[in-house]
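Values reported hereafter were calculated over all heavy atoms of this structure, with side chains retained and with hydrogens, waters and symmetry mates removed.
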There are 2 protein chains.
Amino acid sequence: MQDRLQPGGENLLFLTDDQLLQGIELLFFAYRGFISDPDRILENYTYGRAHHRAIHFIHRRPGTTVNALLDILGVTKQSLNRVLRQLIDDGLVESKVGVRDRRERHLHLTPAGQALESDLSSTQRKRLRAAYKEAGPDAVHGFRQVLENIMDPSMRQHVKKLVKD
Amino acid sequence: MQDRLQPGGENLLFLTDDQLLQGIELLFFAYRGFISDPDRILENYTYGRAHHRAIHFIHRRPGTTVNALLDILGVTKQSLNRVLRQLIDDGLVESKVGVRDRRERHLHLTPAGQALESDLSSTQRKRLRAAYKEAGPDAVHGFRQVLENIMDPSMRQHVKKLVKD
DNA sequence: AATTTATGTCAGTCTTGTTGACTTTCCAAG
DNA sequence: CTTGGAAAGTCAACAAGACTGACATAAATT
């Protein structure tokens, strides 16, 4: 994957500091836009981004344990517990005692939880779908490739891969 | 939603909800990794992400005004002021009364401010450079294309374009 | 002269993160 | 069977950084 092309900086051009700083800004603005839709929805609740994140990952990994969720979210258990407590008390999340190991709590979304997840997620899916569509398949591939390279290697395992059927 | 059954669906395949949700997670993990390096540096200071953001944009747009910065950062003036106050008091940022309009304050980094900016930025540039390098030029182009599509259109103007000279 | 704009500041609130201490539950190794 | 430790839950205190609202001042604009 090295320099298939000429001595010209053509394949190095994007590595100038200016180009890199531009990439940093792109990430900043894109990420902010990306969370603005859910944020607006959450204003109508007593929830914030922390709740959104919990809901997202419980939706994606039904039955996951608190510990696994802590690992993914990278916060303290006290912080996550406050969020989970509210969601459980409000009937959006269900916490089931583990069968094999009764210390563990397995988390699921209730129908109400799924409804909120769907609301939050649909705005982001819509935005991303439009962005993907306009950029085209090759761009999407590059987008995902670069993002995967950016993240901490230890986190790559947490990106839920698609099921092959 | 049954795109996959269509012939030539290969340019629609990435629009399934699962693929979109995966994209959401990629963005989440990548963004978190991306800000983790500066965060670690800032632990040694009394500064946080808010200061980092201010420093970044003052660096990129020397002489920018408080109002312009508010627009870019999307926070309230009270919030930005607290951050700027500290940076100015600590001698990292200089605030100059405008010449044409003496109500405006034009912001610049002092040498000390530039030093911190360089520290913070270099970790991110390094991470991004490695990610770009591994993915290749085409992927980088796609990455930037998709990010630009994701952000709010009104924000695109704020991504500082490269100077041609 | 009146109004608007740019900036600064004070006070109070909220979310979400932190640390530290402690308890309960319960699996598994001695 | 006992006990050590892991998983989870809880309480309290605190901090960063966002918010709103009110108010002040200086300077430009109308």
Side-chain angles (χ1 to χ4, degrees), chain A residues 28 31-32 35-36 38-58 63-90 93-108, chain B residues 28 31-32 35-36 38-58 63-90 93-108:
Chain A
F28 169 70
Y31 193 77
R32 221 192 26 198
I35 55 181
S36 66
D39 277 0
R40 259 188 297 278
I41 293 175
L42 291 164
E43 276 175 14
N44 308 319
Y45 296 76
T46 56
Y47 304 143
R49 277 178 210 171
H51 304 81
H52 181 197
R53 289 195 284 269
I55 288 173
H56 170 93
F57 285 107
I58 294 172
T64 192
T65 64
V66 173
N67 239 11
L69 207 50
L70 283 176
D71 220 43
I72 288 175
L73 295 175
V75 296
T76 58
K77 68 174 176 177
Q78 294 91 328
S79 197
L80 175 59
N81 190 255
R82 179 173 35 199
V83 165
L84 283 180
R85 183 99 318 269
Q86 291 174 266
L87 293 174
I88 292 168
D89 288 349
D90 294 354
V93 168
E94 203 180 4
S95 171
K96 290 180 185 167
V97 173
V99 180
R100 220 200 49 197
D101 185 335
R102 293 169 43 90
R103 287 170 304 180
E104 293 180 338
R105 300 298 134 88
H106 297 272
L107 304 169
H108 297 266
Chain B
F28 170 70
Y31 192 78
R32 220 191 28 197
I35 54 179
S36 66
D39 277 359
R40 260 189 296 279
I41 293 175
L42 290 164
E43 275 174 15
N44 307 319
Y45 296 76
T46 57
Y47 304 143
R49 277 177 209 171
H51 305 79
H52 181 197
R53 289 195 285 268
I55 287 173
H56 170 93
F57 284 107
I58 294 172
T64 192
T65 65
V66 173
N67 242 6
L69 205 50
L70 283 176
D71 219 44
I72 287 175
L73 296 175
V75 296
T76 58
K77 67 175 178 175
Q78 294 91 329
S79 198
L80 176 58
N81 189 254
R82 177 177 38 199
V83 165
L84 281 181
R85 183 84 277 121
Q86 290 174 267
L87 294 174
I88 291 169
D89 288 351
D90 293 356
V93 168
E94 202 181 3
S95 170
K96 289 180 187 167
V97 172
V99 180
R100 219 201 49 197
D101 185 334
R102 293 170 43 90
R103 289 171 305 181
E104 295 179 335
R105 298 298 132 88
H106 297 273
L107 305 169
H108 297 266

| note | Scanning both residues in full, the closest heavy-atom pair of A:Arg105 with A:Ser95 reads CB-OG, 3.4 Å
| request: Look at B:Ser79 and D:dG17 and indicate whether a side-chain polar atom (N or O) is within less than 4.0 Å of OP1 or OP2. | output: no
| task | Nearest whole angstrom, please: distance from the C1' of C:dT16 to the CG of A:Asp39. | result | 13 Å
| Distance from A:Arg40 atom CZ to A:Ile35 atom CD1, nearest 0.5 Å? | 11.0 Å
| task | Please list, by residue number, the residues of residues 40-57 of chain B whose heavy atoms come closer than 4.0 Å to an atom of DNA chain C; answer none if no residue qualifies. | result | none
| Gap between atoms CD and P, on A:Gln86 and C:dG17 respectively (whole Å) | 12 Å
| request: Please tell me which of A:Val83 and A:Val97 maps to the more 5' nucleotide of DNA chain C, matching each residue to the nucleotide holding its nearest heavy atom. | output: A:Val83
| request: Measure the CZ-CG distance between B:Arg49 and B:Leu42 for me, rounded to the nearest 0.5 Å. | output: 9.5 Å
| field | Where protein sits on nucleotides 5-11 of chain D, one letter per nucleotide: B base, S sugar-phosphate only, - none, heavy atoms under 4.0 Å | value | BBSBBBB
| query | A:Leu73 has an atom CG; how far is it from atom C1' of C:dT15, in whole Å? | reply | 16 Å
| query | Just how far, in rounded Å, is P of C:dA6 from CG of B:Leu80? | reply | 15 Å
Distance-only check: which donor-acceptor pairs under 3.5 Å involve side-chain atoms of residues 66-88 of chain B, not counting sequence neighbours?
residue: B:Thr76; atom: OG1; partner: B:Ser79; partner atom: N; Å: 3.3
residue: B:Gln86; atom: OE1; partner: B:His51; partner atom: NE2; Å: 3.0

| task | Could you check whether B:Gly74 gets within reach of a base, just the sugar-phosphate, or nothing at all, counting any heavy atom under 4.0 Å? | result | sugar-phosphate
| request: Kindly assign one of parallel, tilted or perpendicular to the pair B:Phe57 and A:Phe28, based on the angle between their ring planes and the thresholds 30° and 60°. | output: tilted
| message | Does either side chain, that of A:Asp90 or that of A:Tyr45, offer a donor lying less than 3.5 Å from an acceptor on the other one? | response | no
| query | Would you say the side chain of B:Arg82 and the base of D:dA16 hold a donor-acceptor pair, judged only by whether the two atoms sit under 3.5 Å apart? | reply | no
| query | Could you state the interatomic distance from NE2 (B:His106) to CD1 (B:Ile58), rounded to the nearest 0.5 Å? | reply | 13.0 Å
| For D:dA18, does either OP1 or OP2 sit under 4.0 Å from a side-chain N or O belonging to B:Thr76? | no
